[in-house]
Amino acid sequence: MIIRLKDGSEKEYAQPMSVLDIARDISEGLARNACAGEVNGQVVDLRTVVSEDSDLNILTFQDEKGKLAFRHTASHVLAQAVKRLYPDAKIAIGPAIEEGFYYDFDMDPLTREDLDAIEKEMKKVIKENPAIERFELPREEAIAFMKEKEEPYKVELIEDLPEDATISFYRQGDFTDLCAGPHLMSLKNIKAFKLTSSSGAYWRGNEKNKMLTRIYGTAYTKKADLEERLKFLEEIKLRDHNRLGREMGLFTTVDVIGQGLPLMLPKGAKIIQTLQRWIEDLEDNEWGYVRTKTPLMAKSDLYEISGHWGHYKEGMFVLGDEEKDKEVLALRPMTCPFQYYCYKNTQRSYRDLPYRMSETSTLFRNEDSGEMHGLTRVRQFTISEGHLIVRPDQANEELKGCLELAQHCLTVLGVQDDVTYRLSKWDPENKEKYLGDEEYWESTQNQIRQILEASGVSFTEADGEAAFYGPKIDIQAKNVYGKEDTMITIQLDCAIAENFDMYYIDQNGDKQRPYVIHRTSLGCYERTLAWLIEKYAGKFPTWLCPEQVRVLPISEKYADYAEQVNKELRKNGILSTVDNRSEKIGYKIREARLDKLPYMLVVGAKEEEAGLVSVRSRFAGDEGQKPLAEFIASICEEIRTKAIRQEEAVEE
């Protein structure tokens, strides 16, 4: 047989060979570092025997697929250690993930001390280095095998497989697990690992199922790489919006109010108000939008017309019972059906289009409780929503405009380089989920594709991510832990006008169906705030800060002058306060720095006598004395232009 290698070279063998033996034939060093193989594009165990002409790639830890095999083996070591220490724990699933692995167990929650004890046991398992064996059983025997071991979650997984399926297992010493593999040949290669955290996780991600205990970990071939990763994890914890936002007093949550329903505290509310006013003025004054204000709920009749009742009802908060009540209402998950009736209120001609409607919309979505997280996944949120009613010949230009507006917003916020673009398409294997036929979807998807190509941005394409009525541009960003969220969407909808009998009168006096563009300019304000907290580690650009200046009198003798300074600042629209506590000035400065304020103005005898302020900033430290009017002019210009001032290395 002929084996074609990744570099284009070929190896010829007279008999079948395992992937590992082929690796040894190439190089002993390669064999030592091998984690798995890739035969004809399929990732396989090193134990796999190749018996015919094939393309082969030997995967090491440097390959992403090799890392997954390495870390999946580590997850089995974790499960083996847990079963030794907690024999009554039931094992569920334990995959490798992008930066490590996890395993779910039916057991009591764990402390950091518990994780340390499990780590210690994992080291014992690795030192023992039990042989790793793969074997297969028919489905019924596999079920009986796991029932005998009293592992109900594994039994459930096997029962979901086809009746004629052959089930694979991996055994390492006193531990056996249901697993498709691949796995390492030996545990001794797992030289550096760490259990990073534990949390609750619903079985199969369904909140109706039992809450399990999930243990997260990561593993490397070198201790230095592990230490670098752990240092990175510590650093990103300092930026985690769910922790930092609470510490800064931006938001909080309360159990009796409910999951996914954050309370915006004064500082957080001020930031969102600033963002909202900016976007509304931008859309209305510079981008030609008209503003609407529509109800927070509607009868089910509206959502039946739009198609949301059939496609999205499970994600809505329904008020009433369809079988008992004459009228059933639902809180709105989106604004589009409401704004259509704003358009329909007056007959429009082709000259009236495009008709751009925007609204600061509060929306409600019945997210699973297991999905709730800080400000990024909530049940009530506010969004910069808009709908453009356009003639077909205007669609391309208006789509470009929506993309340009979104990119302008990203640039002002300083996050334009932190996003990726995605063309979200329909799933042709599940056509019943969507409005329109194949021709409609191919046409609209191609239209979006051309817009993205013309803009010059790099983008990916994803099946099954479209809205049920049309394809969309999704602008994506990752949080500090690497999880991706959609920040801004722009959707083309050529079908919904028919449902709502929306039309315009053309040049000939005939009725024509318009297209609809659904878009956000900034997206969800709560999610954007979370993004900005993590981007700037709480040190927001001055124009976004809920407190931009704090006046610090050196002693009580200068309290009146401090109040005069503050009054002048406030008169110029600057968000300022006075710290008139009977504390030493050094303490006040440290407090202001911990609060991540852009500016502090220290005032004492010299400042009062000359009408000056001593400026200290988080950007340049001690900036010296300045006339108050000069400082006000400078900061007002910084706020007006929404400048992002870079921090310098400052020794305090």
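Residue numbers start at 1 and run along the sequence shown.
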Minimum heavy-atom distance Ala477-Met487, with the two atoms named: CB-CG, 3.7 Å
Keeping Asp53 on the side-chain end and Ile2 on the backbone end, is there a donor-acceptor pair under 3.5 Å? yes
Polar side-chain atom of Arg139 near backbone of Leu161 as donor-acceptor pair, under 3.5 Å: yes
Taking ring pair (Phe, Tyr, Trp, His ring centres under 6.0 Å) as the test, write out the residues that go with [X], two or more places apart.
| X | answer |
| --- | --- |
| Trp426 | Tyr434, Trp441 |
| Phe105 | Tyr103 |
| His183 | His72, His76, Tyr170 |
| Phe468 | His308, His311 |

Between Asp108 and Tyr86, do the side chains contain a donor N or O and an acceptor N or O under 3.5 Å apart? no
Contacts of type salt bridge (Lys or Arg N to Asp or Glu O under 4.0 Å), residue [X], not counting sequence neighbours:
| X | result |
| --- | --- |
| Asp55 | Arg4 |
| Lys11 | Asp25 |
| Glu128 | Arg84 |
| Glu591 | Arg581 |

For residues 142-151, dump all side-chain donor-acceptor pairs below 3.5 Å to protein atoms at least two apart in sequence or in another chain.
| unit_1 | atom_1 | unit_2 | atom_2 | d |
| --- | --- | --- | --- | --- |
| Glu151 | OE1 | Ile91 | N | 3.0 |
| Glu151 | OE2 | Lys83 | NZ | 2.8 |

Are the ring centres of Phe364 and Phe317 closer than 6.0 Å? no
Sequence neighbours excluded, the answer for side chain to side chain contact (heavy atoms under 4.5 Å, CB included) partners of Pro333 is Tyr303, Tyr312, Met316, Arg365
If a pair satisfies ring pair (Phe, Tyr, Trp, His ring centres under 6.0 Å) and one of its residues is in residues 13-34, list it, with sequence neighbours excluded. none
Name each donor-acceptor pair under 3.5 Å that joins a side chain in residues 226-236 to protein atoms two or more places apart or in another chain, with its distance.
| unit_1 | atom_1 | unit_2 | atom_2 | d |
| --- | --- | --- | --- | --- |
| Glu234 | OE2 | Lys237 | NZ | 3.4 |

